[in-house]
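Heads up, the thing below is written out as structure tokens.
Nothing here was measured: the structure is a model prediction, and the numbers come from that model.
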Amino acid sequence: MTAPIFLIGFMGAGKSTVGQKLAAALHRTFCDLDDTIATTAGIDIPEIFRGRGEAHFRALESDALAAVLARDEALVVATGGGTPCAPENLARMRAAGLVVALTAPLATLLARIPDRTSRPLLDPASVGQ
């Protein structure tokens with residue numbers, strides 16, 4: 001099995017966009033971890049946060065990562081912004097494949113995320129924005 005490539009970074013860093021292009025270029029399957037969670041849960045992610053809270057979402061996220069790690073195919077995985085914040089998730093990704101961190105300036109991230117109310121995000125006031 002070819003080791004997966006995991007893209008990590010803050011929401012809006014380009015994980016899904018870059019992941020799709022990278023997967024196509026490398027002839028791999030693209031997997032968006034957030035889409036996997038929403039499909040498995042049967043509801044969208046903002047609804048999971050509103051109805052069940054962040055702790056429940058993080059548990060689903062870890063379960064989805066485990067399911068992705070069990071897949072026997074060459075993958076490029078766009079993780080959720082908080083996926084590597086759980087030390088066990090980051091350790092599992094590092095043990096399984098290559099972890100690539102995408103970054104962008106704060107102003108770019110904020111411009112790419114027009115609706116900052118549906119999921120936990122960085123508060124621009126806390127970093128002097």
Less than 4.5 Å apart, any side-chain heavy atom of [X] and any of [Y]?
X: Thr108; Y: Leu110; answer: no
X: Cys31; Y: Val76; answer: no
X: Phe6; Y: Leu69; answer: yes

Rounded distance (nearest 0.5 Å) linking atom CD of Glu61 with atom NE2 of His56: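 Output value for this atom pair is 12.0 Å.
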
About how many Å separate OG1 of Thr83 and CG of Leu65, when rounded to the nearest 0.5 Å?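 OG1 of Thr83 is found 7.0 Å from CG of Leu65.
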
With hydrophobic residues grouped by side-chain heavy-atom distances under 4.5 Å, do [X] and [Y] end up in a single group?
X: Val77; Y: Val18; result: no
X: Leu33; Y: Leu7; result: no
X: Val99; Y: Leu102; result: no

Give the minimum heavy-atom separation between [X] and [Y], together with the two atoms involved.
X: Leu90; Y: Pro84; value: CB-O, 3.7 Å
X: Thr36; Y: Ala64; value: CG2-CB, 4.1 Å
X: Pro4; Y: Ala96; value: CD-O, 3.3 Å
X: Arg112; Y: Ala104; value: NH1-CB, 4.2 Å
X: Gly80; Y: Asp34; value: CA-OD1, 3.7 Å

Which salt bridge (Lys or Arg N to Asp or Glu O under 4.0 Å) pairs, counting each pair once, include a residue from residues 86-106, with sequence neighbours left out? none

State which residues pass salt bridge (charged side-chain N to carboxylate O under 4.0 Å, His left out) with Arg52; sequence neighbours excluded, sorted by chain then number.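 Here no residue qualifies.
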
Kindly state each residue pair satisfying side-chain hydrogen bond (donor to acceptor under 3.5 Å, both in side chains) with at least one member in residues 6-18, sequence neighbours excluded.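 Every pair satisfying side-chain hydrogen bond (donor to acceptor under 3.5 Å, both in side chains) with a residue in residues 6-18: Ser16-Asp32.
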
Can you run down the side-chain hydrogen bond (donor to acceptor under 3.5 Å, both in side chains) pairs that involve residues 62-79, sequence neighbours left out, and say none if there aren't any? Thr29-Glu73, Ser62-Asn89, Arg71-Glu73

Please list, one pair per line, the donor and acceptor atoms closer than 3.5 Å that link side chains of residues 20-28 to other protein atoms, with sequence neighbours excluded.
{"from": "Arg28", "atom 1": "NH1", "to": "Ala3", "atom 2": "O", "distance (Å)": "2.8"}
{"from": "Arg28", "atom 1": "NH1", "to": "Leu75", "atom 2": "O", "distance (Å)": "3.0"}
{"from": "Arg28", "atom 1": "NH2", "to": "Ala3", "atom 2": "O", "distance (Å)": "3.3"}

Contacts of Ile43 meeting side chain to side chain contact (heavy atoms under 4.5 Å, CB included) (sequence neighbours excluded), chain-then-number -> Ala41, Glu47, Ile48

